[in-house]
Amino acid sequence: MFQFCFNDCIPKNETDDGLVSHLSSTLSHYNSIKKQFPSYVDGIVTDRIPSELFLNDSHFTLGSCIKQLSRETQKIAFSNFLKYPVEKFMPPEDIDSLIEKEYTITINEKPIDALNAKMVSENEGVLFTLPVHPDLKKDALLIVDKEKQTYKVLNQFGEDKNTAFLSGIIKADIIKKVGGFEKLIAIVGECSYDNRFKLNFENITSETQDKLLKEISRAIDRKADTRFHPDGELIKNVTPPKEKEINVFELRIHSPVAIRMYFYETSNKIYLGSIERKPKDKVQDTHIHNAVSIIKELIGMESQQA
């Protein structure tokens, strides 16, 4: 689980309207991350209830800020700002030491108390930040104690590059912690498959599984037009000549054994057909047609459920 925590290390001179605008943007980007990783991102921790969390010198609170958002963004806010206080969800190793070391984050050349931010750092969490100053627009913020020792904490502030960076961090952590078939699904992302495909994968050796996973990652890292765009080498378009409804692609590995993975890529999902040993040409045609049937079956089932 990646815990997000509202960053209270911000200057208190922003206007009410400015705060509403920043909250709307950061919340929208946070929500996009949550949609990608619903099992790993769940709510935003605050130091206190939103109606008592002051955001500027005019005593404009987070609760008041939420009330001025659009209706749809309000729904996102109300469903996520439910966790407080920080120490309940991000318990400190030693609260007395935290207080004694006087942790700060410097914004606009002014140090701001960063006790809560240090708890977030200790628990490998992410700050949810309203970027009221350029110093807050960083993927990680630097925390300093009174002895000038430094610590970093991940920071989400509502811009595309930052959101992509954090999504990459979360995905890499998920992949690192899972194994086998779960790792394949984590790497591929949004996908559809059946039990036959899972059995295909589980029936190959762990060494071959690892090689297939590496090649899937390599395909994504090519930065092609799409993640699995056919290049004629790593991935080939093997759609049968008479097939007009879908395309079928083949990802190949040659060692430790020759394996072919058949799939269909759409703009928002991958349909995983089958994994087969490299066959003779005529048998391969059968494998491809079988993959077409499986993929169409997956699409048909989704249409019925819609």
Side-chain angles (χ1 to χ4, degrees), residues 32 35-37 160-161 164-165 167-168 171-172 174-175 178 180-303 306:
S32 72
K35 284 181 177 179
Q36 287 182 70
F37 311 104
D160 289 342
K161 287 185 178 180
F165 168 78
S167 295
K171 185 169 185 177
I174 294 169
I175 292 171
V178 300
F181 187 72
E182 288 74 22
K183 182 169 285 189
L184 183 148
I185 301 305
I187 293 171
V188 171
E190 185 66 26
C191 63
S192 182
Y193 60 90
D194 65 9
N195 286 333
R196 288 168 291 186
F197 182 88
K198 185 176 181 181
L199 286 172
N200 288 162
F201 182 84
E202 292 175 342
N203 284 335
I204 59 179
T205 66
S206 60
E207 185 180 4
T208 304
Q209 288 179 7
D210 289 343
K211 184 60 181 293
L212 180 60
L213 294 174
K214 287 179 181 177
E215 293 301 273
I216 292 172
S217 295
R218 185 161 76 90
I220 294 170
D221 291 341
R222 293 173 305 160
K223 307 300 182 185
D225 291 342
T226 65
R227 294 189 306 154
F228 296 101
H229 184 77
D231 56 13
E233 296 181 10
L234 178 58
I235 296 177
K236 282 188 174 182
N237 187 335
V238 293
T239 307
K242 294 183 180 180
E243 176 56 48
K244 304 302 179 184
E245 295 180 33
I246 66 170
N247 290 317
V248 181
F249 302 117
E250 170 195 79
L251 185 147
R252 304 176 296 167
I253 66 169
H254 303 285
S255 65
V257 295
I259 291 290
R260 304 289 185 260
M261 184 178 85
Y262 300 105
F263 63 95
Y264 171 44
E265 180 182 34
T266 70
S267 60
N268 57 11
K269 179 177 279 193
I270 306 299
Y271 293 88
L272 300 170
S274 63
I275 298 173
E276 308 284 357
R277 293 282 187 99
K278 180 184 178 182
K280 295 179 180 179
D281 289 343
K282 289 185 179 180
V283 178
Q284 184 176 20
D285 289 343
T286 300
H287 286 173
I288 293 170
H289 284 288
N290 286 343
V292 169
S293 297
I294 292 169
I295 291 166
K296 286 186 173 180
E297 184 178 319
L298 292 171
I299 296 172
M301 289 174 62
E302 288 186 356
S303 298

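Atoms considered below: every heavy atom in the structure, side chains included; atoms not considered: hydrogens, waters and symmetry mates. Starting from 1, each residue takes its place in the sequence as its number.
- Annotation: side chain of Tyr264 is not in contact with side chain of Lys296 (no heavy-atom distance under 4.5 Å).
- Screening Asp221, Leu251, Ile235 for a side chain to side chain contact (heavy atoms under 4.5 Å, CB included) involving Ile216 leaves a single residue, Leu251.
- For the pair Pro240/Val292, a side-chain contact is recorded, criterion being any heavy-atom separation below 4.5 Å from C-beta on.
- Of all heavy-atom pairs spanning Arg227 and Ile270, the tightest one is NH2-CG1, 3.9 Å.
- Contact annotation: the side chain of Glu215 never approaches that of Met261 to less than 4.5 Å [non-hydrogen atoms, C-beta and beyond].
- With ring centers used as reference points, Phe181 lies under 6.0 Å from Tyr193.
- Thr239 contributes a side-chain N or O that, together with a main-chain N or O of Val248, makes up a donor-acceptor pair within less than 3.5 Å.
- A donor-acceptor pair is defined here as one N or O able to donate and one able to accept, closer than 3.5 Å; no such pair exists between the side chain of Arg196 and the backbone of Gly273.
- The 12-atom threshold is not exceeded at CG of Asn195, counting heavy atoms of other residues, nucleotides or ligands nearer than 6.0 Å.
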Evaluate side-chain contact (heavy atoms from CB on, under 4.5 Å) for His229 paired with Thr226, printing each intermediate quantity in order.
CA-CA 5 Å; His229 184 77; Thr226 65; 3.4 Å; yes
Trace of the side-chain contact (heavy atoms from CB on, under 4.5 Å) decision for Phe197 with Ile294
CA-CA 9 Å; Phe197 182 88; Ile294 292 169; over 6 Å; no
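- Separation of atoms NZ (Lys269) and CD1 (Ile299) is listed at 9.5 Å; rounding is to 0.5 Å.
- In this structure, Ile204 CD1 and Lys211 NZ are separated by 11.5 Å, a value rounded to the nearest 0.5 Å.
- Between Ile275 and Leu212 there is a side-chain heavy-atom pair separated by less than 4.5 Å.
- Note: Ile174 CD1 to Lys183 NZ = 12.5 Å, rounded to the nearest 0.5 Å.
- Taking CG of Asn247 as the start and CD of Glu265 as the end, the distance is 10.0 Å to the nearest 0.5 Å.
- You'll find the side chain of Arg260 stays beyond 4.5 Å of the side chain of His287, heavy atoms only.
- With Lys171 contributing its side chain and Ile187 its backbone, the two residues share a donor-acceptor pair below 3.5 Å.
- Looking at heavy atoms from C-beta onward, Tyr271 lies out of side-chain contact with Glu297 at the 4.5 angstrom threshold.
- Between Leu272 and Leu184 there is a side-chain heavy-atom pair separated by less than 4.5 Å.
- Closest non-hydrogen pair, Pro256 versus Thr208, comes out as CG-OG1, 3.2 Å.
- Only one option out of Phe263, Phe249, Tyr262 pairs with Phe228 in a ring pair (Phe, Tyr, Trp, His ring centres under 6.0 Å); it is Phe263.
- Heavy atoms from other residues, nucleotides or ligands lying under 6.0 Å from CD of Glu243 number more than 12.
- The closest side-chain heavy-atom distance from Arg277 to Ile259 is below 4.5 Å.
- Here the closest non-hydrogen pair linking Val178 and Ala186 is CG2-CB, 4.4 Å.
- Between Pro230 and Asn237, the closest heavy-atom pair is CB-N, 3.9 Å.
- The distance from atom OG of Ser274 to atom CD1 of Ile288, rounded to the nearest 0.5 Å, is 9.0 Å.
- Expressed to the nearest 0.5 Å, how far NZ of Lys35 lies from OG of Ser167 amounts to 13.0 Å.
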